[in-house]
Trainee: 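Would you mind keeping the following structure in view while I ask a few things?
Note that the structure is a prediction, hence the values are computed from the model and not measured. Numbering of residues begins at 1 and proceeds along the displayed sequence.
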Amino acid sequence: MPGRFSQDFNQRILTRMPKIFERVNSMATRKGCTPSQLALAWVCHQGSNVCPIPGTTKVENFNQNIGALSVKLTPEEMNELESYAAASNVQGDRYLQMGNTWKYFETPPLSSWKSE
């Protein structure tokens with residue numbers, strides 16, 4: 001990763017990612033789904049006001065995404081997944097080269113939206 005990020009910093013981040021992936025993959029195997037389906041299921045379990053919109057151009061991937069709707073997560077499993085992504089485990093920006101102008105943007109509450 002060229003530019004403003006040092007090689008040492010990148011190595012420290014990258015050494016943590018396989019551990020997180022192994023944990024997610026292990027839970028996905030236990031649940032009988034793919035890691036991607038588990039991630040979508042986690043989003044779906046965030047509440048009735050949250051809806052993932054995964055993009056795909058392949059029918060096979062679309063069908064995999066739909067399969068995530070049948071993955072049920074217990075509160076304990078939700079806590080376990082969230083512990084994997086704790087601030088101490090994941091570091092660095094997702095989009096390294098972007099100016100994150102949207103990063104601290106807050107969506108207005110649903111109650112403020114007006115239907116026409």
Trainee: Do the side chains of Glu77 and His45 get nearer than 4.5 Å, heavy atoms only?
Mentor: no
Trainee: Going by the rule salt bridge (Lys or Arg N to Asp or Glu O under 4.0 Å), which residues pair with Glu80 if we only count those two or more places apart in sequence or in a different chain?
Mentor: Arg30
Trainee: Restricting to side chain to side chain contact (heavy atoms under 4.5 Å, CB included), what partner residues turn up for Ala68, sequence neighbours left out?
Mentor: Gln37, Leu40
Trainee: Run the side chain to side chain contact (heavy atoms under 4.5 Å, CB included) test against Gln46 and tell me which residues pass, sequence neighbours left out.
Mentor: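 Side chain to side chain contact (heavy atoms under 4.5 Å, CB included) list for Gln46, sorted by chain: Trp42, Val50, Met78, Glu82.
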Trainee: SG/Cys44 to CG/Leu73 distance, rounded to the nearest 0.5 angstrom?
Mentor: 9.5 Å
Trainee: Out of curiosity, Asn63 CG to Lys58 NZ, how far, rounded to the nearest 0.5 Å?
Mentor: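 Separation between the atoms: 13.5 Å.
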Trainee: State the CG-CG distance between Leu38 and Asn25, to the nearest 0.5 angstrom.
Mentor: 9.5 Å
Trainee: To the nearest 0.5 Å, what is the distance between OH on Tyr84 and NZ on Lys19?
Mentor: 14.5 Å
Trainee: List the atom of Ser70, the atom of Gly67, and the distance in Å for their closest heavy-atom pair.
Mentor: OG-O, 2.8 Å
Trainee: What's the spacing between Ile20 CD1 and Leu81 CG if we round to 0.5 Å?
Mentor: 11.5 Å
